[in-house]
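Down below is the structure, laid out as structure tokens.
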Amino acid sequence: MVQATNLGFPRIGGQRETKKLVENFWAGKITEQALDEAAVKLRAENWKLQQAQGLSQIPSGDFSFYDHVLDHSVMFNVIPQRFRHLAEGHERNFAIGRGIQKPATETQEKVDIEAQEMKKWFDTNYHYIVPEFETNQTFHLSANAKTVQEFNEAKALGIHTRPVILGPLSFLLLGKAAKNSAGLDLITLLPKLLPVYEELFAQLAAAGADWVQIDEPILALDISAAVVAHFHTTYTHLTAAAPKLKFLIATYFGRIGNNVSFIKDSGVAGLHIDLVRAPEQLEHVIANIGQTQVLSLGLIDGRNIWKTNLAAALKLAETAVAALGSDRVFVAPSCSLLHAPVTLRFEKRLASKNPELFDWLAYSEEKCKEVHVIAHALNHGTDSVKAELADNARSIEARRVSSHTTNAAVRQRLEAIVPDQLRRRNVFPTRQVKQHEANPLPAFPTTTIGSFPQTKEIRLARAKFTKGEIDAAAYHDFIKKEIAFCVKEQEELKIDVLVHGEAERNDMVAYFGERLEGYIFSENGWIASYGSRCVRPPIIFGDVHRVNPMTITETVYAQSLTSKPMKGMLTGPVTCLQWSFVRDDIPRSVVCTQLALAIRDEVADLEKAGIVHIQVDEPAIREGLPLRSVDFDFYLQWAVDAFLLSTTGVKDTTIIHTHMCYSDFQDIFQAIVRMDADVLTIENSKSDMRILGAFSTHGYNAEIGPGVFDIHSPRVPSTHEMKERADAMLKYIPSRNLWINPDCGLKTRGWKEVRESLTNMVAVAEALRAASA
Ligand code: MET
Ligand SMILES: [Zn+2]
């Protein structure tokens, strides 16, 4: 029998219950006990829901209040020194995730501990808490290990689940050495770590588990032969130590490639592969697994929102069944459904207002059903699920032929793109001379990255406007006042290149999505981003194009209020793509090019309206980088081309800025050079100039503003510390090219700290000018 399985269900709840619970707990509104009780209920609902959709193997241990990697670290006692004196429990776990600050009281000293580092989970927008290991790291299993507890919880409900844990090699290699353990080779901890896994497996076996899912996502990366060898010894060892359990090694987000070589005689019972990202790997994997091993087929896209083409998926599955026999095949989503929204049940507005598009969607609940239908068809013949298959085929066909997804004019315009549209008229050194002549600025010009505080008043006004409580005229009036306020503040602060402050933007991608054709917005398509934070990516369903200007009114108005230059602010095509749910019927590169043309038009309109500085933000360009280095060039080619298409249609004297954050840039350095921006601002303040080294060794010759302060913290940086940073920058960057700015936008900050921080920042530029005069 083919099993219908799942790798993980979203933990946020159908209406973001977990988020609300956790935030209420933080606010002291509910007790720890209430939090736990609510979670027990949520987990039960999730299991029952998956059961109701027809899954035969349901995951447990996939729930988390904050992050599953953090939970795993805590379960194995990987707790950085600075948190160890805190009492065990949720509060400590949250402190590790988000830091903790408490003023001193009569009985207690003040507490002020920095959070552990957070990093993007592979190429997703989910962030995990990076495990910190020490040279003398000891591991032990916590009492009431979460994985065992949740298995028992489901068992008590009569649901036999498949516990999910992060495998030892991914756990170690996705972590980092703690500050006090620099130079620690993480893999050397393996012998100390494995006994704890053995203990956990013993407890699971005693509790009655049989299949256990062990996530080893690093198998989709370029790992060394030495690490593959460790996979072999590790799993031979673990399987021998836990003879009652069957291990399913789960890989996702890409192909396993030759890393598969350890599987065959490792003793594991099965392997899961992602056939959405890498359908071509099926044959290779079938040829390389052992004679009795199970293959779990990731056929349903766990990272997107579209219905699966069941006929096509079934065909792929049939190949596997023909080769392996039905007892050795599982059907599953490509990866954990953590990356997909929960259920279409609450998507009421789309269902009634846009039934055509609604019919094309499948969230997690519906995806579980798809898994079931495929497994059922394999087990009992297609006739047994005839109605479901027919229904699916009808939706797929309707989407394929829909007149709403293609736009002939957009397609023609794409066809007509010529290389000259990807090039500025002159090289940067020539442009720089003209730019400085036409629009002179003081040395070490100061600027900000775009957004200013999104105050309660701004959010309230937007909410009222959305609900129809105030009309468009009143709302735009409000926004105008905010812009005027922001401009006045910047003038008083003596900043050189101003911004309008982005008060009208709820989100840097959604704002543009709402103004472009081809985008649609869900009501409830939330996915976890980090901690309790969820995002609701807009949906690109059709050819994207711009109908009307999107930012001209606000920018021109802002410019009219000042004699200083006003920087126009746009979100770049790659970031719009990366932070949306993207249609899967045409290549991502094509969608990105469509977005680029829309931004190109906006850039042209800004220039026409007299705006001299135009910033096109690409904070997500690094995030889209493929997992395997052989695929880097292909991606970077089209991604950078899209940026060039957006930005190069301007005169030499127009100054194109771009901004990037959240990333290490070293491995995409050549791509950054090729983007050919006149000014690049980057997040830098926390990276000890590590990044700047690359800019000087590679001889980056354009202007650059490495952030002088961290915008994630409410702390006000002193002029002295920022000046030290700027002085250090001058070792790498010629003074004529250095800009002075924060790391990123200021929208999450309050005005008080923004004013103080920027006052100190402007003083840095003044000091630099005085010193160089
Ligand atoms: C995540 S990058 C943000 C850039 C945007 N212009 C802002 O200032 O908020
Ligand atoms: Zn940023």
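Counting convention: from 1, in listed order, for ligands and their atoms alike. Throughout, numbering of the chain's residues begins at 1 and tracks the sequence. Side chains included, hydrogens not; waters and symmetry mates left out as well; all remaining heavy atoms used.
Residue contacts with ligand 1, taken as heavy atom pairs separated by less than 4.0 Å, involve Pro619 solely via side-chain atoms from C-beta onward.
Using a 30° and 60° split on the angle between ring planes, Tyr635 and Trp638 fall in the perpendicular class, above 60°.
Here the angle at the Zn ion (ligand 2) defined by NE2 in His659 and SG in Cys744 stands at 120°, rounded to 10 degrees.
Residue contacts with ligand 1: Asp617 is placed with a nitrogen or oxygen under 3.5 Å of a nitrogen or oxygen of the ligand (distance criterion only). In terms of N/O distances under 3.5 Å, ligand 1 is approached by Ile449. Looking at ligand 1, you won't find any N or O of His659 less than 3.5 Å from one of its N or O atoms.
When only modelled atom types and interatomic distance are considered, Thr658 and Gln615 share no side-chain donor-acceptor pair under 3.5 Å.
Per-residue contacts place Cys744 under 4.0 angstrom from the following atoms of ligand 1 (heavy atoms of the residue considered): 1 (C), 2 (S), 3 (C). Shown in contact with Gly450 at under 4.0 Å from a heavy atom are these atoms of ligand 1, numbered in order with element: 8 (O). Under a 4.0 Å criterion applied to the non-hydrogen atoms of Cys661, ligand 1 contributes the atoms 1 (C), 2 (S). Contact atoms of ligand 1 toward Gly745: 7 (C), 8 (O), 9 (O) (distance under 4.0 Å to a heavy atom of the residue). If you number the atoms of ligand 1 from 1 as listed, the ones under 4.0 Å from a heavy atom of Glu502 come out as 5 (C), 6 (N), 7 (C), 8 (O), 9 (O).
Taking His68 as the reference, Trp121, Tyr126 meet the ring pair (Phe, Tyr, Trp, His ring centres under 6.0 Å) condition, with sequence neighbours excluded.
Between His339 and Phe253, the ring center distance clears the sub-6.0 Å criterion. A ring-centre distance under 6.0 Å is found for Phe94 and Trp26.
Side-chain contact check for Val509 versus Thr575: some heavy-atom pair is nearer than 4.5 Å.
For the ring pair (Phe, Tyr, Trp, His ring centres under 6.0 Å) test with Phe485, the passing option among Phe478, Phe452, Trp751 is Trp751; the others fail.
In this structure, Met660 has no heavy atom closer than 4.0 Å to ligand 1.
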Could you give me the CA-CA distance, side-chain angles and deciding distance for Lys608 and Asp601, then say whether salt bridge (Lys or Arg N to Asp or Glu O under 4.0 Å) is met? CA-CA 10 Å; Lys608 231 183 280 160; Asp601 293 346; over 6 Å; no
